[in-house]
Number of protein chains: 2
Amino acid sequence: MIDREGPIPPYQQIAAALRKRIEAGEIPPGRRIPSLVEMEQEFGVARDTLRKAVQVLKDERLVETVSGMGIYVVQHSEDGGVPGAS
Amino acid sequence: MIDREGPIPPYQQIAAALRKRIEAGEIPPGRRIPSLVEMEQEFGVARDTLRKAVQVLKDERLVETVSGMGIYVVQHSEDGGVPGAS
DNA sequence: AGAAATTTGTTCGTATGTATA
DNA sequence: CTATACATACGAACAAATTTC
């Protein structure tokens with residue numbers, strides 16, 4: 001899944017993989033992405049690496065986190081915004 | 001904040017700056033010093049550089065690490081030692 | 001009321017590879 | 001060749017928020 005030989009750092013590869021899933025509609029808006037524990041196993045990387053990957057998607061406003069709950073795909077519809085964001 | 005032209009390496013400059021704050025009472029005994037992430041931004045250096053700077057202060061018994069919490073200024077009173085150090 | 005489980009967030013310590021002086 | 005610095009990554013521990021029982 002992760003190419004450790006190439007020049008692209010794993011955290012960027014993971015960010016790209018998640019972005020692809022989201023834009024392909026595999027993980028629709030409003031749904032949660034896999035938990036950090038699940039992604040640790042799926043990608044075979046450490047928490048710190050996932051943290052950076054998720055931070056990239058956060059900066060792109062693709063996902064948002066709810067502490068204690070999970071990381072959710074943002075609803076980027078015409079009216080904009082996310083459920084709960086007043 | 002950091003002079004990269006001069007002969008004094010950044011990690012020594014940072015150690016000196018932290019020592020000054022501690023001895024001036026800006027960061028009193030028992031209190032935490034800024035986290036590594038915060039200091040990365042404040043000083044504009046990498047984690048590795050901070051690691052060396054903090055190691056200097058540790059060798060001087062000025063600070064100690066509490067796992068998962070942070071780096072704390074040592075209480076250097078007459079009876080010596082740190083709270084929690086049995 | 002409260003304890004346990006799950007999940008995210010933050011913390012330090014360390015290792016590796018690369019680059020520079 | 002050594003010292004210094006950076007980016008990346010891994011590991012472990014602790015905290016806070018949320019849900020479930």
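If you're wondering where the values come from, they're calculated on a predicted model, not measured in any experiment. Sequence lines set the chain letters: A, B, ... in the order given, protein chains first and strands last, and positions in each chain run from 1.
Between Pro9(B) and Val66(B), it is Pro9(B) whose nearest contact on DNA chain D lies nearer the 5' terminus. Where Gln12(A) and Met69(A) each meet DNA chain D at their nearest nucleotide, the meeting point lying more 5' is that of Gln12(A).
The distance between atom CD of Glu64(A) and atom C1' of dT7(C), rounded to the nearest whole Å, is 17 Å. When the P atom of dA3(D) is taken as reference, atom CD1 of Ile8(B) falls 19 Å away, rounded to whole Å. Rounded to an integer number of Å, the gap from CD1 of Ile71(B) to P of dT10(C) is 17 Å.
Within the 4.0 Å cut-off from OP1 or OP2 of dC6(D), at least one side-chain nitrogen or oxygen of Arg4(B) is found. Residue Thr65(A) places at least one side-chain N or O closer than 4.0 Å to OP1 or OP2 of dG9(C).
Hydrophobic clustering keeps Ile33(B) apart from Met69(B) (ILVMFWY residues linked when any side-chain heavy atoms are closer than 4.5 Å, directly or through intermediates). Tyr11(A) and Ile22(A) are not part of a single hydrophobic cluster, where members link through side-chain heavy atoms under 4.5 Å apart. There is no path of hydrophobic side-chain contacts, each under 4.5 Å, that joins Tyr72(A) to Val63(A).
Between the side chain of Gln12(B) and the main chain of Pro9(B), no donor-acceptor pair closer than 3.5 Å is present.
DNA chain D lies under 4.0 Å from at least one heavy atom of each of the following residues of residues 32-58 of chain A: Gly44(A), Val45(A), Ala46(A), Asp48(A), Thr49(A), Lys52(A).
At a threshold of 4.5 Å between non-hydrogen side-chain atoms, the residues Lys58(B) and Thr65(B) count as touching.
If you take CD1 on Ile2(A) and CD on Gln13(A), they are separated by 5.0 Å, rounding to the nearest 0.5 Å.
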